[in-house]
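Quick note: residue numbers are just sequence positions, from 1.
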Amino acid sequence: MNDKLNRFFSRHRWVPQVIAAAICVPLMALSILTGESVGAYVFFCVAWLLLSFLVGSAGSMQLVSKAAKALNEQCDPHPLLEETTYQLGYVKNRSDRTMLSINRCAGLIEAGYVAQALEEMEALNIDAPTVAHQWRYVYYHNLTVAAIHCGQSEKAEIYYQKTTQQLELLRGKMLRDTQDLHRYLSARIYLMRGDYGNAHAMLLAHQPKHLMGQVSCSLEWARFAIGQGDIAAAKPHLEFVMRYGNRLHAVAQAQQLWNEIHKTE
């Protein structure tokens with residue numbers, strides 16, 4: 001579906017169900033009048049009706065995915081912030097609202113509104129049975145990052161343990177895709193603790209798959225180098241962040257670190 005259709009079905013979720021009913025009712029009537037096997041028609045109609053309930057959510061996800069792509073590939077969190085904030089104004093489905101809120105808070109973190117993201121995430125009911133394990137992982141991952149940014153190390157440690165627990169519940173491709181994300185989070189936790197040996201190992205093992213990941217990882221490499229007193233090694237990483245970070249808050253953080261290390265020279 002294109003963006004207009006995705007938006008339409010995302011906003012008007014009753015429409016696919018009406019269309020499905022308009023198709024299924026005549027089919028059922030036809031099967032009864034002709035005396036043909038009703039079972040096949042019933043199966044088709046039930047499947048069609050169930051599918052119609054998913055169209056609105058699928059439209060919402062497609063729109064969010066497009067905005068997330070701008071964050072990942074162009075280092076611009078604002079499309080994700082705008083899209084999720086707009087959808088939260090009309091989406092009523094609880095599961096979809098949780099997904100939207102988690103994505104909105106990811107945008108808030110990357111845009112630099114970390115305290116606000118932490119507050120909004122802590123207000124979510126992430127333990128609702130409709131929330132999938134992978135979304136719980138993302139939730140606790142982002143909470144850990146926000147707590148680190150806010151200097152709340154005790155909270156960060158608690159949320160980090162929650163991410164590890166959620167990681168253990170994942171399977172297959174979802175687990176493989178999330179393990180590398182967890183290595184990056186582990187590196188940040190180790191840096192927060194001042195454990196540079198383990199931080200180095202996790203940063204080496206981490207393989208970011210998009211530009212935003214590369215920018216974020218470069219910032220952590222710079223922090224690692226500064227923590228080790230190797231200012232010369234930190235500079236190329238900071239330069240990379242400032243050159244390619246676009247509208248990420250990481251750019252301001254890199255600029256601050258750059259100014260601090262030049263004051264000491």
Exercise. Find the distance between CG (Leu100) and OG (Ser10) and round it off to the nearest 0.5 Å.
Key: 7.5 Å
Quiz prompt | Met121 CE to Ser101 OG distance, which is reported to the nearest 0.5 Å | solution = 10.5 Å
Self-check item: Result of checking Gln256, Gln255, His262 against Asn259 for side chain to side chain donor-acceptor pair (under 3.5 Å)
Solution: Gln255
Exercise. Would you kindly confirm whether Leu191 and Ile148 end up in one hydrophobic cluster when ILVMFWY residues are joined by side chain heavy atoms under 4.5 Å apart?
Key: no
Quiz prompt | Path from Tyr90 to Val64 over hydrophobic side-chain contacts below 4.5 Å | solution = yes
Exercise. Please answer whether the main-chain N or O of Pro77 pairs with a side-chain N or O of Arg247 as donor and acceptor at a distance below 3.5 Å.
Key: no
Self-check item: Rounded distance (nearest 0.5 Å) linking atom CG of Leu167 with atom CE of Met174
Solution: 11.5 Å
Self-check item: Over 12 non-hydrogen atoms of neighbours within 6.0 angstrom of CD in Glu119
Solution: no
Quiz item: When you look at Gln152 and Tyr159, which way does the side chain to side chain donor-acceptor pair (under 3.5 Å) test go after all the steps?
Solution: CA-CA 11 Å; Gln152 299 186 30; Tyr159 293 139; over 6 Å; no
Practice problem: Check Glu168, Gln166, Gln165, His182 against Tyr137 for a side chain to side chain donor-acceptor pair (under 3.5 Å) and give me the one that passes. | Solution: His182
Practice problem: Quick one: pull up CG in Asp3 and CZ in Phe8 and give me the separation to the nearest 0.5 Å. | Solution: 15.0 Å
Quiz item: Taking the side chain as C-beta and beyond, is there a heavy-atom pair between Asp180 and His206 under 4.5 Å?
Solution: yes
Quiz prompt | Side chain Arg188, main chain Val145, donor-acceptor under 3.5 Å | solution = no
Exercise. Evaluate the criterion side-chain contact (heavy atoms from CB on, under 4.5 Å) for residue pair Met242 and Trp258; output intermediate values, then yes/no.
Key: CA-CA 10 Å; Met242 291 185 288; Trp258 181 271; 3.8 Å; yes
Quiz item: Does Ala70 offer a backbone N or O that forms a donor-acceptor pair with the side chain of Asp76 under 3.5 Å?
Solution: no
Quiz item: Closest approach of Tyr196 and Phe224, non-hydrogen atoms and distance?
Solution: O-CE1, 3.2 Å
Quiz item: Would a 4.5 Å heavy-atom cut-off, applied to side chains only, mark Asn142 and Val138 as touching?
Solution: yes
Quiz prompt | Other residues, nucleotides, ligands: >12 heavy atoms within 6.0 Å of Glu239 CD | solution = yes
Quiz item: Is the His141 to Trp135 ring centre distance short of 6.0 Å?
Solution: no
Quiz item: Got a donor-acceptor contact below 3.5 angstrom from the Thr163 side chain to the Tyr160 backbone?
Solution: yes
Quiz item: Considering only heavy atoms from C-beta outward, does the side chain of Met202 approach that of Tyr190 to under 4.5 Å?
Solution: yes
Exercise. For the residue pair Glu122 and Lys155, establish whether any side-chain heavy-atom pair is separated by less than 4.5 Å.
Key: yes
Exercise. Please name the pair of heavy atoms, one in His237 and one in Ser218, separated by the smallest distance, quoted to 0.1 Å.
Key: CB-O, 3.2 Å
Quiz item: Do Ile189 and Trp221 sit in the same hydrophobic cluster, where Ile, Leu, Val, Met, Phe, Trp and Tyr count as joined when their side-chain heavy atoms come under 4.5 Å apart?
Solution: no
Self-check item: Leu88-Leu71 co-clustered via ILVMFWY side chain contacts under 4.5 Å
Solution: yes
Quiz item: Taking it one step at a time, do Thr164 and Tyr140 satisfy side chain to side chain donor-acceptor pair (under 3.5 Å)?
Solution: CA-CA 9 Å; Thr164 304; Tyr140 286 116; over 6 Å; no
Self-check item: Atom of Ala254, atom of Val241 and distance for their closest heavy-atom approach
Solution: CB-CG1, 3.6 Å
Self-check item: Glu220 bridged to Arg223 by N-O distance under 4.0 Å
Solution: yes
Quiz item: Heavy-atom distance under 4.5 Å between the side chains of Leu219 and Leu257, does that happen here?
Solution: yes
Practice problem: Run through the side-chain heavy atoms of Ile, Leu, Val, Met, Phe, Trp and Tyr, join any pair under 4.5 Å, and report what else lands in Leu81's cluster. | Solution: Leu108, Tyr113
Self-check item: Heavy atoms from other residues, nucleotides or ligands near CZ of Arg94 exceed 12 (cutoff 6.0 Å)
Solution: no
Quiz item: Roughly how far apart are Met192 CE and Ser153 OG, rounded to 0.5 Å?
Solution: 5.5 Å
Exercise. Could you check if a side-chain atom of Met212 sits within less than 4.5 angstrom of a side-chain atom of Asn72, using non-hydrogen atoms only?
Key: yes
Practice problem: Looking only at non-hydrogen atoms, find the nearest pair between Val114 and Cys150 and report the distance. | Solution: CG1-SG, 3.8 Å
Self-check item: Near-ring test Tyr139/His133, centroid separation under 6.0 angstrom
Solution: no
Practice problem: Evaluate whether atom CZ of Phe240 has more than 12 neighbouring non-hydrogen atoms of other residues, nucleotides or ligands under 6.0 angstrom away. | Solution: yes
Quiz item: Between Ala234 and Ala222, what is the shortest heavy-atom contact and its length?
Solution: CB-O, 3.7 Å
Quiz item: How far does CD of Gln228 sit from NE2 of His200, to the nearest 0.5 angstrom?
Solution: 8.5 Å
Quiz item: Just wondering, do Asp127 and Val131 contact through their side chains at under 4.5 Å, heavy atoms?
Solution: no
Quiz prompt | Considering all heavy atoms, the nearest Val251-Asn246 contact | solution = CG2-O, 3.7 Å
Quiz item: Side-chain contact, heavy-atom cut-off 4.5 Å: Gln87 with Arg7?
Solution: yes
Exercise. For the pair Glu83 and Lys66, find out whether any cationic side-chain nitrogen is under 4.0 Å from an anionic carboxylate oxygen.
Key: no
Quiz prompt | Neighbour count >12 (heavy atoms, 6.0 Å) for atom NZ, Lys162 | solution = no
Quiz prompt | Joint hydrophobic cluster, Leu63 plus Leu80, side-chain heavy atoms closer than 4.5 Å | solution = no
